[in-house]
Undergrad: 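Quick one: this structure, given as structure tokens, is what I'll be asking you about.
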Amino acid sequence: MIRTEELLLNVGPQHPSTHGVFRVIVKLDGEVIREAIPVMGYLHRGTEKLAEGLNYTQIIPYTDRMDYVSAMTNNYVLVHAVETMMGLEVPERAEFLRLIVMELQRVASHLVWWGTYLLDIGAMSPFLYAFRDRETIVNLFNELCGARLTYNYMRVGGVKWDAPPGWIDKVRDFIPYMEKKLQEYDKLVSGNEIFLARIKGIGKYDAKTAIDYGLSGANLRCTGVKWDLRRSEPYSIYDRFEFDIPVGTNGDCYDRYLIRLEEIRQSLRILKQAVEQFPPEGPTMGKVPRVIRPPAGEVYVRIESPRGEIGCHIVSKGKSEPHRLKFRRPSFVNLQILPKLLVGETMTNLITILGGIDIVVGEVDC
């Protein structure tokens, strides 16, 4: 028997596979992980506390930075919570614009995940292809709101600006282009023997474990649980569209991979319906007071972000600033299962499992 000594190793906080300032302390026995401790807080900006001194419109840019590859959905969860408290009606054209940008954002977010995940496990080309195709979406957002990453686009009662002329047509043209590229992704990667050997059967857990840990998004649906807030608790105008909720059966990294690719296809399916039904005219802002003061009370709303369930809890005292603000961040919750998944695995599989969970560090540390 080969004698080994326990080794304490830091993966991060500056490590390519952690995708940001995130650290995992692992205790190794040879190549086998005996203990794993996630460490957070290197990017903490105190968003929730800062919000207590800001009016509701001023908080929106902070939500952009919580999950910097899914800013539109974070914008939405905040304004949706305020609108729920105030009982505001959002114009139909604004709702369509919101839904379109959220689904484009979901596609863009999953493209970042797909490209970086494959880069982490040794494939360079998919990363370049993913960012090439994501660039089309980023350019669409730039035309719409003048920004490429942190958009600050949504407002309580509607959106900041209407779509420029021809913008919806560009979204319509993007849909078949992306559908074709997804076929190329599958042909290039999804059946590759080396890729399958790296991720199939790795990081497995069952539905009970996923629910016990509060997992959401693809991390929950990979176990066969058909839970997606766009369908389970519809918000915005999602109940008008037909789309499927992809689920897995094995609860492993491969199922999570397939689900995220299928979610891109379903987002394109939603977008196809939305651009065809898009109202030709109408306001993009509802009747909103000059100073937004929700009534005293509290509210909790939740939506389906690319990483899972993101929630917003607001406590109001009837003032223009929230008394308390709390976000339920999917990456923070999904991260809790990481120690369970890593113990007994090798260091090679650490990268496979960590990338498969799809964590955005800025959202963990908000």
Undergrad: With sequence neighbours excluded, what pairs up with His80 under the side-chain hydrogen bond (donor to acceptor under 3.5 Å, both in side chains) test?
TA: none
Undergrad: Please determine whether salt bridge (charged side-chain N to carboxylate O under 4.0 Å, His left out) holds for the pair Arg256 and Glu263, giving the CA-CA distance in whole Å, both sets of side-chain angles, and the decisive distance to 0.1 Å.
TA: CA-CA 10 Å; Arg256 294 191 275 282; Glu263 284 182 2; over 6 Å; no
Undergrad: Without swapping roles, check the side chain of Asn55 against the backbone of Thr57 for a donor-acceptor pair under 3.5 Å.
TA: yes
Undergrad: Any idea which heavy atoms bring Val39 and Phe22 closest together, and the distance?
TA: O-CD1, 3.6 Å
Undergrad: More than 12 foreign heavy atoms under 6.0 Å from NZ of Lys181: is that the case here?
TA: yes
Undergrad: Any idea which heavy atoms bring Ser216 and Gly308 closest together, and the distance?
TA: OG-CA, 3.4 Å
Undergrad: Can you tell me which residue pairs pass the salt bridge (charged side-chain N to carboxylate O under 4.0 Å, His left out) test with a partner in residues 285-298, sequence neighbours excluded?
TA: none
Undergrad: So, the side chain of Glu304 versus the backbone of Leu229: is there a donor-acceptor pair under 3.5 Å, distance only?
TA: yes
Undergrad: I'd like to know if the side chain of Trp113 reaches the main chain of Gly355, judged simply by a donor and an acceptor atom lying under 3.5 Å from each other, with no hydrogens or angles considered.
TA: yes
Undergrad: Are Leu261 and Tyr177 connected in the hydrophobic side-chain network, where two residues link if heavy atoms are under 4.5 Å apart?
TA: yes
Undergrad: Take atom CD1 in Ile194; do more than 12 heavy atoms of anything else shown fall under 6.0 Å from it?
TA: no
Undergrad: Report the residues that fulfil side-chain hydrogen bond (donor to acceptor under 3.5 Å, both in side chains) with Arg172, sequence neighbours left out, ordered by chain and then residue number.
TA: Asp169, Glu276
Undergrad: Do Val77 and Val90 sit in the same hydrophobic cluster, where Ile, Leu, Val, Met, Phe, Trp and Tyr count as joined when their side-chain heavy atoms come under 4.5 Å apart?
TA: no
Undergrad: Using ring-ring contact (aromatic ring centres under 6.0 Å, His included) as the criterion, list what pairs up with Tyr235, not counting sequence neighbours.
TA: Tyr76, Tyr238
Undergrad: What heavy-atom pair brings Glu48 and Leu325 nearest, and what distance separates the two atoms?
TA: CB-O, 3.3 Å
Undergrad: Please list all pairs passing the salt bridge (charged side-chain N to carboxylate O under 4.0 Å, His left out) test where one or both residues lie in residues 136-149, with sequence neighbours left out.
TA: Glu135-Arg148, Glu143-Lys170
Undergrad: Examine Met124 and Val112 and state if one hydrophobic cluster contains both, with Ile, Leu, Val, Met, Phe, Trp and Tyr joined whenever side-chain heavy atoms are less than 4.5 Å apart.
TA: yes
Undergrad: My understanding is that only residues two or more places apart in sequence, or in another chain, count here; which of them pass ring-ring contact (aromatic ring centres under 6.0 Å, His included) with Tyr300?
TA: none
Undergrad: Measuring from atom OG1 of Thr116 to atom CG of Leu119, what distance do you get when rounded to the nearest 0.5 angstrom?
TA: 7.5 Å
Undergrad: Looking only at the side chains, is there a donor atom on one of Asp133 and Tyr185 sitting less than 3.5 Å from an acceptor on the other?
TA: yes
Undergrad: Which heavy atom in Ile359 sits nearest to a heavy atom in Ser331, and how many Å separate them?
TA: CA-OG, 3.7 Å
Undergrad: Nearest 0.5 Å please: distance from the CD1 atom of Ile310 over to the OG atom of Ser70.
TA: 7.5 Å
Undergrad: Quick one, Asp206 with Thr209, criterion side chain to side chain donor-acceptor pair (under 3.5 Å). Give me CA distance, side-chain angles, the key distance, then yes/no.
TA: CA-CA 5 Å; Asp206 58 18; Thr209 302; 2.6 Å; yes
Undergrad: If you round to the nearest 0.5 Å, how far is CG of Leu215 from CG of Asn334?
TA: 5.5 Å
Undergrad: In this structure, which one of Arg307, Arg230, Arg260 forms a side-chain contact (heavy atoms from CB on, under 4.5 Å) with Arg106?
TA: Arg230
Undergrad: What's the verdict on salt bridge (charged side-chain N to carboxylate O under 4.0 Å, His left out) for Glu193 and Lys200, showing C-alpha distance, side-chain angles and the deciding distance?
TA: CA-CA 10 Å; Glu193 287 186 22; Lys200 212 164 187 180; over 6 Å; no
Undergrad: I would like to know whether Lys187 and Glu184 meet salt bridge (charged side-chain N to carboxylate O under 4.0 Å, His left out); could you show each step before the answer?
TA: CA-CA 5 Å; Lys187 188 175 180 180; Glu184 294 180 10; over 6 Å; no
Undergrad: Grab the two heavy atoms, one from Ile357 and one from Asn219, that are nearest each other, plus how far apart they are.
TA: O-ND2, 3.1 Å
Undergrad: Return each pair, listed once, that meets ring-ring contact (aromatic ring centres under 6.0 Å, His included) where at least one residue sits in residues 139-164; pairs must be two or more places apart or across chains.
TA: Phe141-Tyr151
Undergrad: Supply the atom-to-atom distance Ser232 OG to Arg302 CZ, rounded to the nearest 0.5 angstrom.
TA: 8.5 Å
Undergrad: Sub-3.5 Å donor-acceptor pair from the side chain of Trp114 to the main-chain atoms of Ala130, do we have one?
TA: no
Undergrad: Can a salt bridge be assigned to the pair Asp120 and Arg198 using a cut-off of 4.0 Å between side-chain N and carboxylate O?
TA: no
Undergrad: Which residues pass the ring-ring contact (aromatic ring centres under 6.0 Å, His included) test with Phe174, not counting sequence neighbours?
TA: none
Undergrad: Identify, with sequence neighbours excluded, every residue that meets side-chain hydrogen bond (donor to acceptor under 3.5 Å, both in side chains) alongside Lys208.
TA: Asp212
Undergrad: Rounded to the nearest 0.5 Å, how far apart are OG1 of Thr150 and CG of Asn75?
TA: 9.5 Å
Undergrad: Between Arg324 and Glu52 (salt bridge meaning N to carboxylate O under 4.0 Å), is one present in this structure?
TA: yes
Undergrad: Establish whether Leu268 and Phe96 are linked, either directly or via other cluster members, by ILVMFWY side-chain heavy-atom contacts under 4.5 Å.
TA: yes
Undergrad: Does the pair Glu309/Arg329 count as a salt bridge with the N-to-O cut at 4.0 Å?
TA: no
Undergrad: Kindly indicate, with the supporting measurements, whether the criterion side chain to side chain contact (heavy atoms under 4.5 Å, CB included) is fulfilled by Val247 and Val225.
TA: CA-CA 7 Å; Val247 295; Val225 178; over 6 Å; no
Undergrad: Grab the two heavy atoms, one from Ser109 and one from Pro306, that are nearest each other, plus how far apart they are.
TA: OG-CB, 3.4 Å
Undergrad: Given the rule in the salt bridge (charged side-chain N to carboxylate O under 4.0 Å, His left out) test, do Asp255 and Arg221 qualify, once you have shown the distances and angles that lead to the verdict?
TA: CA-CA 9 Å; Asp255 272 6; Arg221 293 189 284 272; over 6 Å; no
Undergrad: For Tyr205, does the OH atom have more than 12 heavy-atom neighbours from other residues, nucleotides or ligands under 6.0 Å away?
TA: yes
Undergrad: Sequence neighbours left out, what pairs pass side-chain hydrogen bond (donor to acceptor under 3.5 Å, both in side chains) with at least one residue falling in residues 87-96?
TA: Glu92-Arg240, Arg93-Asp162, Glu95-Ser236
Undergrad: Going by atom types only, do Gln277 and Gln273 share a side-chain donor-acceptor pair under 3.5 Å?
TA: no
Undergrad: Mind checking whether Ile202 and Asp252 have side chains closer than 4.5 Å, heavy atoms only?
TA: no
Undergrad: In Å, rounded to the nearest 0.5 Å, how long is the span from CG of Asn192 to CG of Asp186?
TA: 12.0 Å
Undergrad: Using the ring-ring contact (aromatic ring centres under 6.0 Å, His included) criterion, which residues pair with Phe195? Sequence neighbours excluded.
TA: Tyr257
Undergrad: Return the set of residues passing side-chain hydrogen bond (donor to acceptor under 3.5 Å, both in side chains) with Lys226 (not counting sequence neighbours), or none when no residue passes.
TA: none
Undergrad: Is Ile314 linked to Leu50 within one hydrophobic cluster, defined over Ile, Leu, Val, Met, Phe, Trp and Tyr using a side-chain heavy-atom separation of less than 4.5 Å?
TA: yes
